[in-house]
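Below, each value reflects all heavy atoms present in this structure, side chains not excepted, and no hydrogens, waters or symmetry copies. Labels below follow one simple rule: chain letters A, B, ... track the order of the sequence lines, proteins then strands, and each chain is numbered from 1.
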2 protein chains.
Amino acid sequence: MGRQPSSKPTSFDIAYLAGVSQPTVSRALRGSKSVSAATRANIERIARELNYTVDKNASSLRSQRTHTLALLFFEDPTPDESMINPFFLSMLGSITRECARRGYDLLISFQQMHNDWHVAYQDSHRSDGIILLGYGDYQLYLSKLEHLVEMGTKFVRWGSVSEEGIGLTVGSDNVGAGEQAGAHLVEIGRTRIAFLGDASDHAPEFQDRYDGLCRAMRAAGYEPDPALQRDAVSTEDSGYAAANALLASGKPFDAIFAASDLIAIGAMRALTEAGLKLPHDVAIIGFDDIPAASLTSPTLTTVMQDLKGAGPLLVDALLSRIENRAVEQRILPARLIKRQSTAV
Amino acid sequence: MGRQPSSKPTSFDIAYLAGVSQPTVSRALRGSKSVSAATRANIERIARELNYTVDKNASSLRSQRTHTLALLFFEDPTPDESMINPFFLSMLGSITRECARRGYDLLISFQQMHNDWHVAYQDSHRSDGIILLGYGDYQLYLSKLEHLVEMGTKFVRWGSVSEEGIGLTVGSDNVGAGEQAGAHLVEIGRTRIAFLGDASDHAPEFQDRYDGLCRAMRAAGYEPDPALQRDAVSTEDSGYAAANALLASGKPFDAIFAASDLIAIGAMRALTEAGLKLPHDVAIIGFDDIPAASLTSPTLTTVMQDLKGAGPLLVDALLSRIENRAVEQRILPARLIKRQSTAV
DNA sequence: ATATTATGCGTATACGTATACCCTATGGCG
DNA sequence: CGCCATAGGGTATACGTATACGCATAATAT
């Protein structure tokens, strides 16, 4: 044992002890079939004894594969820097676990929109592909996506699947979810349904949800009133402001479908402050089923996205892209969770 | 332009265009002072034009520094795999941003306690150091920490600073926070104060909070009743169960200090179901100030930890360790946020 | 029997960078 | 005018792995 215990063992050490050459060690550990079973078993035993692990840097340098994925959050700079959209945060767990299961490391980065995009590109040296999460300035976002495509970077993003977008997209069935929400509201007798959330093409997911709502209303014989749609981004304050604007407009409404739970929670605060009784006067449905949704008063009916399925699907789609296998856009089902805010 | 546009430029490309050797490029870009200002400027210009970035794998392999930190979450396996303690999730934003600011990448991994620890060790090939976050089986945890120390791995963890622990710890002033909470409860006239949270040495942070509470009570002339302390881990269900056990014991109490907001929220549910009026019959204080704390009814008085400060402090401490600079344990102040659950 | 192919492994080398060492030209100094 | 220090940068090489190739031996075919 003249060897320093502090220096990590290399494949040469294993090779020496096993009486083979270094490449054979590499082959054995990577599962090449041109190594005899006996040799492989011996090498694996020695590697375990020495606590040997492949040096990822050397491995990546040589093979040009990092076995690492990068996760990029895109968000508008928020006033409170440490605030992150809880929905995406939940998805993080699902993604990390799937990465671990597939033997990939996950590099994470919170990208403020105003930052230099080159940081992301730089990541491509460090990762085999990128998962993009988050809303944000959509036009700016698109131009950067095009840049990614030009560079040949492999990526997949979470978002609106209906949209004919750049790159590969995985997302919830936002239209279907909107329909479910709309149908439920109609079912409990609401017909003057407001929608809080950006319905422009800046936020395709929100637009899809609105489309679904409209479709459900028309299917039931009601025409959605454009005046009852109010823009809002996914924050509590924005929802609060949008609901107040709606109240100020004087337009009567008996239900709100909010494009996210945060918006819904802000709206509930505005409505409560205005002296309205929920859900009696106004029924409310949110979107995302964040933990807080079951704590509001009344508890919030909302749409639960399949977070557990999202991570595996995103990772799988990205790995398929990386390995140049064909992948089609995939849609995850969403489910309406009925709580007190629509219980009349 | 015989060069493939798809292949990433190397330092040799830059060197050729600048009419210097490859090492000079490396020196120039790393800020070595043995490169003339003119040469450096020229190299930097060319690098920018070619969109060159240093290959991190090659760089790390050669220099044996990765400029990457690993973040390890330790949690008991939860029934819902995608559920992560919201408090640690919030800290994540703070840490990632600080890493980015210091020019470090962040590798993230959710470690189930039962998993092979070697995964973490393996990470040490990929990162210069490890940040450990989370509770979990504390004894198992400690034995693995010892292993880390043996391997010479640099790490820092979030936890109880009062404890004479293994390795470097950064954490909130849990004792002080417990004192604040206790003092506040005494101030509003409560003397029979229950504590929900593991007070054994399995959870040093919780123990510190309990110690703080006891200290405040004694300072006010009251003796804490051990029968009013109930073990609980940081989940809503555990808080619910603990509060019900407390109720079932028949011991009278007029306040609860919960070791975490999740516990507090579960306890509130139990108390409400038992027909108690909050905060009139029982005042409640939680810990963490998770977003949900301001949504409960009544809204929850709680202790806010300095999340914005935590990330920078953890990262800075770890980098100091990595660079073999001296670091002392550091304590972050915590602040009591008074809300309705203690407003009598 | 010879030709053929597969098996199992060694040899040589490349991945792209950082650093130890060496060399040259210049200027200051006595 | 010779000596040495210094700036500026070149040469050679190492980091640890993965893969293209080649070469035996053994297995199979003809």
Side-chain angles (χ1 to χ4, degrees), chain A residues 3-4 6-44 46-47 50-68 103 105 122 124-128, chain B residues 3-4 6-44 46-47 50-68 103 105 122 124-128:
Chain A
R3 177 159 302 287
Q4 299 286 356
S6 62
S7 76
K8 316 272 201 278
T10 74
S11 52
F12 281 98
D13 297 319
I14 314 280
Y16 176 76
L17 291 175
V20 298
S21 70
Q22 177 270 329
T24 298
V25 172
S26 175
R27 281 189 281 251
L29 296 178
R30 310 215 70 238
S32 159
K33 56 184 156 55
S34 64
V35 172
S36 76
T39 306
R40 180 195 315 283
N42 189 33
I43 287 173
E44 282 173 344
I46 296 173
L50 291 194
N51 243 316
Y52 169 79
T53 64
V54 173
D55 184 306
K56 290 247 191 179
N57 290 121
S59 174
S60 299
L61 176 58
R62 174 61 232 239
S63 67
Q64 302 292 60
R65 292 277 319 262
T66 64
H67 268 265
T68 299
D105 285 332
Q122 204 166 9
S124 71
H125 276 250
R126 296 280 276 142
S127 68
D128 297 334
Chain B
R3 176 159 304 286
Q4 298 286 357
S6 61
S7 75
K8 315 273 201 282
T10 73
S11 53
F12 281 98
D13 297 319
I14 313 280
Y16 176 76
L17 291 175
V20 297
S21 69
Q22 177 270 328
T24 298
V25 173
S26 175
R27 282 188 280 250
L29 297 178
R30 309 215 73 238
S32 159
K33 56 184 159 53
S34 65
V35 172
S36 76
T39 306
R40 181 195 315 284
N42 189 34
I43 287 173
E44 284 173 344
I46 295 174
L50 292 195
N51 243 316
Y52 168 80
T53 63
V54 173
D55 184 307
K56 290 246 190 184
N57 291 121
S59 173
S60 299
L61 175 60
R62 174 62 231 239
S63 67
Q64 302 292 58
R65 290 278 319 262
T66 64
H67 268 264
T68 298
D105 284 331
Q122 204 167 10
S124 71
H125 276 250
R126 295 279 277 144
S127 68
D128 297 334

Output, in order, the C-alpha distance, side-chain angles, deciding distance and verdict of side-chain contact (heavy atoms from CB on, under 4.5 Å) for Asp105(B) and His67(B). CA-CA 6 Å; Asp105(B) 284 331; His67(B) 268 264; over 6 Å; no
Starting from the C-alpha separation in whole Å, work towards a yes-or-no answer on side-chain contact (heavy atoms from CB on, under 4.5 Å) for Asp13(B) and Thr10(B). CA-CA 5 Å; Asp13(B) 297 319; Thr10(B) 73; 3.6 Å; yes
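Residues Thr68(B) and Lys56(B) are not in side-chain contact: their nearest non-hydrogen atoms beyond the backbone lie 4.5 Å or more apart. Contact of the Ser63(B) side chain with the Arg65(B) side chain is registered, since non-hydrogen atoms from C-beta on lie closer than 4.5 Å. Counting heavy atoms from C-beta outward, Leu17(B) and Leu50(B) have side chains that approach closer than 4.5 Å.
Heavy-atom contacts of chain A under 4.0 Å fall on DNA chain D between two terminal nucleotides, which in 5' to 3' order are dG16(D) to dA20(D).
The main-chain N or O of Thr39(A) is never found under 3.5 Å from a side-chain atom of Asn42(A) such that the two would form a donor-acceptor pair.
When all heavy atoms of Gly31(A) and Arg40(A) are compared, the pair lying nearest together is CA-NH1, 3.5 Å. The two residues Val25(A) and Ile43(A) come nearest to each other via the heavy atoms CA-CD1, 4.0 Å. Here the closest heavy-atom approach between residue Thr66(A) and residue Ser60(A) is recorded as CA-OG, 3.4 Å.
Contacts between residues 14-22 of chain B and DNA chain D, defined by a heavy-atom separation below 4.0 Å, involve Val20(B), Ser21(B), listed by number. For DNA chain D, the neighbouring residues in residues 26-35 of chain B, judged by any heavy atom under 4.0 Å, are Arg27(B), Ser34(B), Val35(B).
In terms of position on DNA chain D, the residue among Thr39(B) and Gln64(B) whose nearest nucleotide sits closer to the 5' end is Thr39(B). Each of Thr24(B) and Leu61(B) lies near DNA chain D, and the nucleotide nearest Thr24(B) is the one positioned closer to the 5' end. Residue-to-nucleotide proximity on DNA chain C shows that, of Ser63(B) and Ala37(A), the 5′-proximal contact is made by Ala37(A).
Under the 4.0 Å criterion applied to side-chain N and carboxylate O atoms, Asp55(A) and Lys8(A) are not assigned as salt-bridge partners.
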